[in-house]
Student: 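A single structure is presented below for examination.
The chains referred to below are lettered A, B, ... by the order of the sequence lines, with proteins before strands, and numbering in each begins at 1. Keep in mind that this is a model prediction, so the values were computed, not measured.
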Amino acid sequence: MTTLTPVLSEHWDEKDSFTIEGYKRHGGYEAAKKALAMEPDAVIQLVKDSGLRGRGGAGFPPGMKWGFIPQGDNKDHYLVVNADESEPGTCKDMPLLLANPHVLVEGVIIASYAIRAKKAFIYVRGEVTHVVRRLNQAIEDAYKAGYLGKNIFGTGVEVDLVLHVGAGAYICGEETALLDSLEGFRGQPRLRPPFPAIAGLYARPTVVNNVESISSVPSIVARGAEWFSSMGTEKSKGMTLYSLSGHVVRPGQFEAPLGITLRELLEMSGGIREGHQLKFWTPGGSSTPIFTADHLDTPLDYEGVAAAGSMLGTKALQIFDETTCVVRAVLRWSEFYKHESCGKCTPCREGTWWLVQLLRDLENGKGTATDLDKLLDLCENILGRAFCALGDGATSPITSSIKHFRDEYIAHITHGGCPFDPQASTLFASAKAGA
Amino acid sequence: MTTAELVDMITVVIDGFEISVPKGTLVIRAAEKLGIQIPRFCDHPLLDPVGACRQCLVDIEINGRAFPKPQASCTIPVEPGMIVKTQLTSAVAEKAQRGVMELLLINHPLDCPVCDKGGECPLQNQAMSTGQGESRFEGVKRTFEKPVNISSQVLLDRERCILCARCTRFSDQIAADPFITLNERGALQQVGIYEKQPFESYFSGNTVQICPVGALTGASYRFRARPFDLVSTPSACEHCASGCSLRTDVRRGKTLRRLAGEDASVNEEWNCDKGRWAFKYVTSAQRLSHPLVRNSSGDLQEASWPEALAAAVAGLQGKRTAVLVGGRATVEDSYGYSKFARVALKTNDIDFRNRVTSNEERDFLATAIIKSEPTYIDIDRADAVLLVGFEPEEESPIVFLRIHKQVRKRGLKVTAIASKLSIGNEKLKANFISVVPGTEPAEIKKQELSAKSIILVGERASESSGSLSAVVELALKSGAKIAWIPRRAGERGALSAGAIGNLLPGARPVNNIEARVDLAAAWGVDSLPSDNGLGSEEIWAAANTGEIEALVVGGVDPMDGEKSHEALSALQKAFVISLEIATSNVTQFADVVFPVAAVVEKSGSFMNWEGRSRAFEAAVDSLQRSDLRILSMLADAMGLPISLPTVKAAAKEIASVGNWDGAGADFIATKPSAPHTLKKNEAILTSWRRLLDEGSLQEGEENLAGTARKTVVVISPKRAKAIGVVDGDPVCVSNAHGSVVLPVLVEEIHDDAVWLPRNSRGSHLLATLGVASGAVVSVVKE
């Protein structure tokens, strides 16, 4: 049985966990002091050695990204933290920033020092005003304490941190679209190469890392690479935040070593709501192909999930019980992708427009059996043809749901509509049942 | 290509064929070289790759490692060991392309039968080659209100748009006018303008041309014709000295549209809106169709050609005659005027420069310019560009695009010596050296250039005495090249054709006896007049005193020079033969009027600022004769034949007469004029003509005029404060001749200067003030 390993979330239950005092009470900013006494390259090596992989979805090791930044090039370097958490189902970075914003600030200091960046940015999604407020306060307090600015801890190291509030576009979570948006343009993904490590923000070498990736760095510096890599599996090291939502008794964030299974996480979260059974779930947000009860014992690490045909993504486990219509759920997600498609490339822009119409017809019983083939063929014409991963993500729930639940789609056609009672899947329905 | 320019070649295999292409070549271009056409929309060879439409997907492997998914061939440069499989050999690429095509069409209205682009539409064509035949889409299409006027001349049908971003990239990257952008997102993404800020770019027409669908259409052409009903003729633009290659599309004898032609060494694939959309003057109601002769009661009356020729011969009999030919004549016509003056009139009193000019300029042209051959490539390679009396965007827009290309690509250093910082020079990030009109020479001499630099001199440099002398001095000192870029299309050619008082055709100095003998032999005449002739201003003056008794005037507006009132009284006094396409300010004074063919109705050639020949054929059938033919008829009637019956004959003779390779004239420097002292509320006038203004060739083009820049008086913040005005307040600029009242714009301009457009709506300086630059005027709040 795997046990939880709270590191980032260790003190979330303390009332003042988000304050600088609360953070310092447990050794906050000591890691930054330690890092700034090291050579920057040694910090990069330490993060590489820890085996930390990117927590934003793709799993690319931050240490390697840092190593790509050309040194001695006499150019400004930038660190950009991607806090534009918008993937449906994903709710790890926002709770982390609410409860413990200083761990990110400390991570920013260390990472900026390592890549020789004097300026760092946090790009936070604009809808979460409460997170913005806490981050702003944290940054202000860090400046006051001399942890940010011209002469950090009196070492002469300079890091300025700017909080940039996004305007509500899922695409801005894509790192190059984020950079465009940060520069004041409309967020649309950029052509690569050049990669951000060579020409990123303002065409300067730039590292873009996820909130959780950067927040993991202070603990690695404080406790060592060995400690970090003692957790997790062979190629997926360390602890991470799993966020459970949907039809579970106690939804929320669970910090555990990589490789934990849903069966274990369900036990910790009180299981599926009473009287119901697991039907399907996403391992890493809506862009990752869905799983079913057959995958309860799939190790939730990068390799394990990939081997089972999906992606670990953001470890956003959306749990659906048997009351949920899979067609309806997929339609909802598809509507999201249609709404969020940036419009730059044809497959994503036009494809999502069409997908929604096909799914809506199917859900309403107006579809035909050939529509399923059309839907799958259309997904084939979008997957791997779009400019960025948004288009790919839009096809995942559709293809995977047809793979696992083709009969349910057919049932919509033969039934002449949705055979489910949409109310049964709502939370208030279960509250009523429980009462 | 010299050895220094040898580039690395990379060999790749495309569909089983090997090809070597220069390093950096995109896969889609390499395929083109093999004749393999990969379908595409957003790709354009002159724009940065964007990879947005995804139509050009192909399978690629490099050294045995295949990309996991098809790649956009318009974004990937070739690499050693690359093997490319296009739709011809890869089922995956083929399906990917068909898939994208189907998606492109789901939201397209398929209104080809009523679309301007139908018949010449890349979407239509590639839907035929790469599409499914029938769509599987049965849903609801995205709809928009249509069309939207994004300027008075460009209309946008958002439904047809496939969002390839060619137009927005062109406007941003090429024209430096990012006035249109993509707005909104997803399928609702659309091209748009800023609220209340229309797409007023001088180059907007190019977006219509490169739009791969019918989303952008020109207001003047919309719904006028189907492409398959048009007859296309390669043409040369008559509007300026840039030398654009054009395509003229004609239906039933009428020009319906003009497109930018492709000429990599000149205009690449672009032109300006004037070149594209100003051609209705040819069909204006003012066009002359028959010769006119002034009868005994003093009225102009239609006459037969023999009657008109006889009247002309009689009128010229025994009179000292001068020739004024406008700067818009073709090389062949200018040659005709030049030879007519020398052979039939036995005079060197001829000038093509009917504008503000000087003898310094004439010397400059005969020495520094006549044999120089600067090219666009000199701009491409220059380490610095100096602009003297020249506003590229307003006065030679393709030169502007070329400079901008290098500014964007490699930060080419541009320096502008001018009184006012212009919009164009701001876009070129030019180092603006602010001068009071008249003090340019001192600043020119201070410039530090190298042998790799180029000085672009405009015709307005002649308006500041000593400027051209300073340019010559600077070029001598630094080794920099000089390029003279006049505004009008015919001036460079007229210089070569000797339509000027100090030069005979082919760079032969008038005062060089060997040159004269050489030409006389070629022409088969005994001798040629040996004294330098008068310049245009001197001709007007001599006609006023009666020294000159007759004028042969072709394509000239007497209001184009300073002292326009003198020109009018000269016309009144002299016997005037006018050759014109339409009634003009000369017609009312003319004794004999010959109607001539417009450019589109005849063949011929222009010589652009590089000295490059821009030959063209007649695009429409017409009974009108060229100036040359009429001059030849007139010379015959006078018994002094010039033997130039056709344009071909003239071209042949020009080639055989060739260029004089003997000694040229020496340049004698001119001193700058003494500075003016200014009293309270006085300023020195400065002005230039805007690209879109009240020029006679833009007549009747209301859509085009709608995008002209606003007519304003520009003064400095200091002067604005002194006279108590803010932006938009009416200001009166006046002198003894007249006054102009216009709204003021407070901008970066020398404190002692005031700027107005020279010939825009409500601001016709030469007609109202009789001056255009360098003169003292009063500037007061109205």
Student: Under 3.5 Å, is there a donor-acceptor pair between the side chain of Arg54(B) and the main chain of Arg385(A)?
Tutor: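 Between the backbone of Arg385(A) and the side chain of Arg54(B) there is a qualifying donor-acceptor contact (under 3.5 Å).
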Student: Can you establish whether the number of heavy atoms outside Lys85(B) located under 6.0 Å from its atom NZ is more than 12?
Tutor: no
Student: Once rounded to the nearest 0.5 Å, what's the spacing between atom OG1 of Thr370(A) and atom CZ of Arg136(B)?
Tutor: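 It is 10.0 Å, given to the nearest 0.5 Å.
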Student: Among Glu102(B), Gln189(B), Lys69(B), Gln71(B), who wins on heavy-atom pairs under 4.5 Å with chain A?
Tutor: Gln189(B)
Student: Can you name the nearest heavy-atom pair linking Val50(B) to Phe387(A), along with the distance?
Tutor: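 Smallest interatomic distance, heavy atoms only, reads O-CE1, 3.2 Å.
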Student: Quick one: what part of Asp377(A) sits under 4.5 Å from any heavy atom of chain B, side chain, backbone, both or neither?
Tutor: both
Student: How far apart are the closest heavy atoms of Val140(B) and Trp353(A), and which atoms are they?
Tutor: O-NE1, 3.1 Å
Student: With a 4.5 Å cut-off on heavy-atom pairs, point out which of Cys342(A), Cys348(A), Gly351(A) contacts chain B the most.
Tutor: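 Among Cys342(A), Cys348(A), Gly351(A), the one with the most close pairs to chain B is Cys342(A).
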Student: Looking at Arg65(B), I want to see if its CZ is surrounded by more than 12 non-hydrogen atoms of other residues, nucleotides or ligands under 6.0 Å.
Tutor: no
Student: What part of Asn183(B) gets closer than 4.5 Å to chain A, counting heavy atoms only: side chain, backbone, both or neither?
Tutor: backbone
Student: If you count every heavy atom of other residues, nucleotides or ligands that lies below 6.0 Å from Tyr202(A) atom OH, does the total exceed 12?
Tutor: yes
Student: What's the shortest heavy-atom distance between Arg349(A) and Leu104(B), and which atoms?
Tutor: NH2-CD2, 4.0 Å
Student: Let me know if Ile76(B) has heavy atoms under 4.5 Å from chain A in its side chain, its backbone, both or neither.
Tutor: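 Nothing of Ile76(B), per the 4.5 Å heavy-atom cut-off to chain A.
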Student: Restricting to non-hydrogen atoms, name the atom on Pro347(A) and the atom on Cys53(B) that form the minimum distance, rounded to 0.1 Å.
Tutor: CD-O, 4.4 Å
Student: Which heavy atom of Glu350(A) sits nearest a heavy atom of Ile106(B), and at what distance?
Tutor: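 Heavy-atom minimum between the residues: O-CD1, 3.3 Å.
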Student: Heavy atoms only, distances under 4.5 angstrom: which of Pro68(B), Pro49(B), Pro70(B) has the most pairs with chain A? Name it, please.
Tutor: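 Heavy-atom pairs under 4.5 Å are most numerous for Pro70(B).
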Student: Tell me whether Lys146(B) at atom NZ has more than 12 heavy atoms from other residues, nucleotides or ligands lying less than 6.0 Å away.
Tutor: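 Atom NZ in Lys146(B) is crowded, with more than 12 foreign heavy atoms closer than 6.0 Å.
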Student: With a 6.0 Å cut-off (strictly less than), is the heavy-atom count around NZ of Lys235(A), excluding the residue itself, greater than 12?
Tutor: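 Open.
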Student: Would you check if Thr346(A) and Gln55(B) make a side-chain contact, meaning some heavy-atom pair closer than 4.5 Å?
Tutor: no
Student: Using non-hydrogen atoms and a 4.5 Å limit, figure out which bit of Ala386(A) sits close to chain B: side chain, backbone, both or neither.
Tutor: backbone
Student: Using a 4.5 angstrom heavy-atom cutoff, name the option from Gly99(B), Ala52(B), Gly51(B) with the most pairs to chain A.
Tutor: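 The residue among Gly99(B), Ala52(B), Gly51(B) with the greatest pair count is Ala52(B).
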Student: Quick check: does any side chain N or O of Arg185(B) sit under 3.5 Å from a backbone N or O of His339(A), one acting as donor and the other as acceptor?
Tutor: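 The answer is yes, because a donor-acceptor pair under 3.5 Å joins these two groups.
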Student: For Phe60(A), look at atom CZ and say whether over 12 heavy atoms of other residues, nucleotides or ligands are found less than 6.0 Å away.
Tutor: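 Yes.
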Student: I need the Glu138(B) CD to Lys366(A) NZ distance, nearest 0.5 Å.
Tutor: 12.5 Å
Student: Which atoms of Arg98(B) come close to chain A, meaning under 4.5 Å heavy atom to heavy atom: side chain ones, backbone ones, both, or neither?
Tutor: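 Looking at Arg98(B), nothing touches chain A.
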Student: With a cut-off of 6.0 Å (strictly less than), are more than 12 heavy atoms of other residues, nucleotides or ligands near NZ of Lys95(B)?
Tutor: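 Yes - once you tally the heavy atoms of other residues, nucleotides and ligands closer than 6.0 Å, there are more than 12.
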Student: For Lys374(A), does the NZ atom sit with more than 12 other heavy atoms under 6.0 Å from it, leaving out its own atoms?
Tutor: yes
